[in-house]
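This report refers to the structure that appears directly beneath it.
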Amino acid sequence: MKKTLSTLAITSLLMGVLSGCGANGASTAGSDTIRIGLAAPISGTQAQYGTAFKNGAELAAAQINGAGGIGGKQVEIVIQDDKGDSNEAVNVANKFVTDKSILAVVGHFNSSATLATAPVYNKAKIVQVSPSSSAPGVTDAGEYTFRVITTDAFQADYLAGWSKELGYGKVALIYEQSDFGLGLLDVYKRSAPANGIEVVAAEAYNPGDQDFSTVLTKIKDKQPDAIFIGGFYNEAALIAQQAKKLNLDVDFIGVDSLYSEALLDLGKESVEGFKLIGFFYPGGDNAEAIRFNEEYQEKYGSKPDTYAAYAYVATSVILKAIQEQGADRESIKTYLETLKDYKSATGVISFDENGDVVTVPSRLTVRGGQFELYQ
């Protein structure tokens, strides 16, 4: 009888342990919180994007917690600063994967950081969902790597087609000297001939540059119909202002990274008429984007940019996976692999077999100091 009771006790103990663990031993058993990692450039030259990540992720958690949590457990966002540096990002990834309470990771910001950390996350079998790593190489980063932003290849090719529709025969490119900017440059240049576009100039700049007068003077001599900016909104605003001072009368077109109130505040009348594609746009009929925009402003007192929205969506799909499949690492991956037509703040999204997002952009323009749908 004693032997039988002992066997039953051991079996019961083992079942209790196994029921609280995922396939790779990471779970929330015995904890009153659900912990999600956030890897972002909280400090350094890209800290503004890290703040957007933090705000978006924490809003997603706050909404869940305000509704009672998941299974009565509160969601906690565990933040690590990767400084936008690939080496530091690997250190952050190692911290996350060895902490068995971390169920998944939102991050990283840079494609180079995501590519550097992907082997760490894939080996440990923990999902990373990047809000913003758009380099084509991320497609092949591994089965535990997902992203809610489309690839540079998709955006640049789409913009080449739109450029043709707009009647641009000659286009100059100004691009950031990074994996991000180089990816946009490469694809746009390859897509241009098929769309009847001549790329008349391609000029690089370093993140944080302030003076674009030399670059713009070179471009002015080429007399382009438009300038495609392959970079972020801060530099884009400066480029537009300095082009105006040089009497360079030209259209500007760009990708979703330009969508920010900062573009409008910094560029003012210089950015009037800018054309860009966007996935987060709260001025249309996307109810999730409208809700996110309102609740973000209520919580933080400012309007969200694209990266806050992407981080919010990346966090939201992870939390949805936990709600639907359970609080362990492998179940999150299983759910995301089958995610289809999820209504989010950045549109209706699905993931393909490579973890790349499938969605459709909006065409936007700046009119009267505001973003509007392009008509």
Can a salt bridge be assigned to the pair Lys343 and Glu288 using a cut-off of 4.0 Å between side-chain N and carboxylate O?
no
Side-chain heavy atoms nearer than 4.5 Å, only ILVMFWY residues, links allowed to pass through others: does that put Leu115 and Val106 together?
no
So which atom in Ala113 and which in Ser86 form the shortest heavy-atom distance, rounded to 0.1 Å?
N-OG, 3.8 Å
What are the two closest heavy atoms between Ser270 and Ala240, and how far apart are they?
O-CB, 3.6 Å
Is Asp99 paired with Arg35 through a side-chain N to carboxylate O contact shorter than 4.0 Å?
yes
Are the ring centres of Phe280 and Tyr310 closer than 6.0 Å?
no
Verify whether the ring centers belonging to Tyr49 and Tyr233 lie closer than 6.0 Å.
yes
To the nearest 0.5 Å, what is the distance between CG (Leu216) and CG (Asn247)?
12.0 Å
Side-chain heavy atoms nearer than 4.5 Å, only ILVMFWY residues, links allowed to pass through others: does that put Ile229 and Leu166 together?
yes
Between Phe212 and Leu246, is there a shared hydrophobic cluster once you connect ILVMFWY residues whose side-chain heavy atoms come closer than 4.5 Å?
yes
For the residue pair Tyr175 and Phe228, is the inter-centroid distance of their aromatic rings smaller than 6.0 Å?
no
Less than 4.5 Å apart, side chain to side chain, heavy atoms only: is that true for Phe292 and Pro282?
no
Contact summary for Gly231 and Ser257, nearest pair of heavy atoms
O-OG, 2.5 Å
Sidechain-backbone polar pair: Asn195 side chain, Ile197 backbone, donor-acceptor under 3.5 Å
no
Report yes if some heavy atom in the side chain of Phe146 is under 4.5 Å from a heavy atom in the side chain of Val317; otherwise report no.
no
How far apart are the C-alpha atoms of Glu198 and Lys170, what are their side-chain angles, what is the distance that settles it, and do they pass the salt bridge (Lys or Arg N to Asp or Glu O under 4.0 Å) test?
CA-CA 5 Å; Glu198 179 188 0; Lys170 297 166 64 178; 5.6 Å; no
Measure the spacing between CD of Glu235 and CG of Leu258 and express it to the nearest 0.5 Å.
10.0 Å
Could you check whether any side-chain N or O of Ser260 sits under 3.5 Å from a backbone N or O of Ala262, counting only pairs where one atom can act as donor and the other as acceptor?
yes
Rounded to the nearest 0.5 Å, what's the gap from NZ on Lys320 to CD on Gln325? Could you check?
11.0 Å
Does either side chain, that of Ser191 or that of Tyr158, offer a donor lying less than 3.5 Å from an acceptor on the other one?
no
Is the backbone N or O of Gly254 less than 3.5 Å from a side-chain atom of Lys275, with the two atoms forming a donor-acceptor pair by type?
no
Inter-residue atom distance Leu59.CG - Ile77.CD1, 0.5 Å rounding
10.5 Å
Any donor-acceptor pair under 3.5 Å linking the side-chain atoms of Tyr259 with those of Asp305?
no
Check: Gln128 and Thr114 side chains under 4.5 Å, non-hydrogen atoms:
yes
Given side chain to side chain donor-acceptor pair (under 3.5 Å), test Gln155 with Asp256 step by step and report yes or no.
CA-CA 8 Å; Gln155 293 204 35; Asp256 63 332; 2.9 Å; yes
Assess the side chains of Arg147 and Ser133: does a donor N or O sit below 3.5 Å from an acceptor N or O?
no
Heavy-atom pair with the smallest gap, counting every atom of Gly169 and Asp225:
N-OD2, 2.8 Å
Asn234 and Gln48: side chain donor to acceptor below 3.5 Å
yes
Treating Gln242 as the side-chain partner and Thr214 as the backbone partner, does any N or O pair qualify as donor plus acceptor under 3.5 Å?
no
Would you mind reporting whether Leu336 and Val129 have side-chain heavy atoms less than 4.5 Å apart?
yes
For Glu76, is there any backbone N or O sitting under 3.5 Å from a side-chain donor or acceptor partner on Thr33?
no
How far does CG of Leu248 sit from CD of Gln223, to the nearest 0.5 angstrom?
10.0 Å
Quick one: do Tyr281 and Ile290 end up in the same hydrophobic cluster if we chain Ile, Leu, Val, Met, Phe, Trp and Tyr together by side-chain heavy atoms under 4.5 Å apart?
no
Glu165 and Arg363: salt bridge (Lys or Arg N to Asp or Glu O under 4.0 Å), yes or no, with the steps?
CA-CA 12 Å; Glu165 291 179 36; Arg363 294 181 176 186; 2.9 Å; yes
Answer yes if the side chains of Asn122 and Thr145 hold a donor-acceptor pair under 3.5 Å, and no otherwise.
yes
Would you find a donor on one side and an acceptor on the other, under 3.5 Å apart, between the side chain of Asn286 and the backbone of Ser344?
yes
Check: Asp356/Thr139 side-chain N/O donor and acceptor closer than 3.5 Å
yes
In terms of hydrophobic clustering (I, L, V, M, F, W, Y; side-chain heavy atoms under 4.5 Å; direct or indirect links), are Val313 and Val138 co-clustered?
no
Can you see which heavy atom on Phe351 is nearest to which on Lys340, and at what distance?
O-NZ, 3.3 Å
Polar side chain donor-acceptor pair, Tyr335 to Gln323, under 3.5 angstrom:
no
Which residue, Ile149, Thr346, Thr150, forms the side-chain contact (heavy atoms from CB on, under 4.5 Å) with Thr359?
Thr150
Among Ile174, Val271, Ile219, side-chain contact (heavy atoms from CB on, under 4.5 Å) partner for Ile239:
Ile174
Asn55 backbone acceptor or donor facing Tyr300 side chain under 3.5 Å
yes
Taking it one step at a time, do Ser111 and Asp179 satisfy side chain to side chain donor-acceptor pair (under 3.5 Å)?
CA-CA 7 Å; Ser111 295; Asp179 290 343; over 6 Å; no
If we ignore hydrogens and angles and just use 3.5 Å, is the side chain of Arg190 paired with the main-chain N or O of Asp157 as donor and acceptor?
no
Straight-line distance of Thr117 OG1 to Asn94 CG, nearest 0.5 Å
9.5 Å
Given Leu319 and Ile70, is the side-chain contact (heavy atoms from CB on, under 4.5 Å) satisfied, shown in steps?
CA-CA 8 Å; Leu319 297 179; Ile70 300 177; 4.3 Å; yes
Decide side-chain contact (heavy atoms from CB on, under 4.5 Å) for Tyr144 and Lys125; before the verdict, give the C-alpha distance in whole Å, the side-chain angles of both, and the deciding distance to 0.1 Å.
CA-CA 7 Å; Tyr144 287 82; Lys125 297 184 178 181; 3.5 Å; yes
Charged N-O contact under 4.0 Å between Glu295 and Lys299
no
For residues 199-208, tabulate all N or O donor-acceptor pairs below 3.5 Å that involve a side-chain atom, not counting sequence neighbours.
none

What verdict does the side-chain contact (heavy atoms from CB on, under 4.5 Å) test give for Trp162 and Leu159, after you've listed the backbone C-alpha separation in whole Å, the side-chain angles of each residue and the deciding distance to 0.1 Å?
CA-CA 5 Å; Trp162 190 17; Leu159 280 167; 3.8 Å; yes
Could you check whether Tyr312 and Gln63, counting side-chain N and O atoms only, form a donor-acceptor pair closer than 3.5 Å?
yes
Do you know the tightest heavy-atom contact between Pro41 and Phe109?
CD-CB, 3.6 Å
Atom pairs and distances, side-chain donor-acceptor, residues 365-375, under 3.5 Å, sequence neighbours left out:
unit_1	atom_1	unit_2	atom_2	d
Thr365	OG1	Phe274	O	2.9
Arg367	NH1	Glu372	OE1	2.6

Is it the case that the side chains of Asn110 and Ser112 hold a donor-acceptor pair, with the cut-off being a distance below 3.5 Å and no angle test?
no
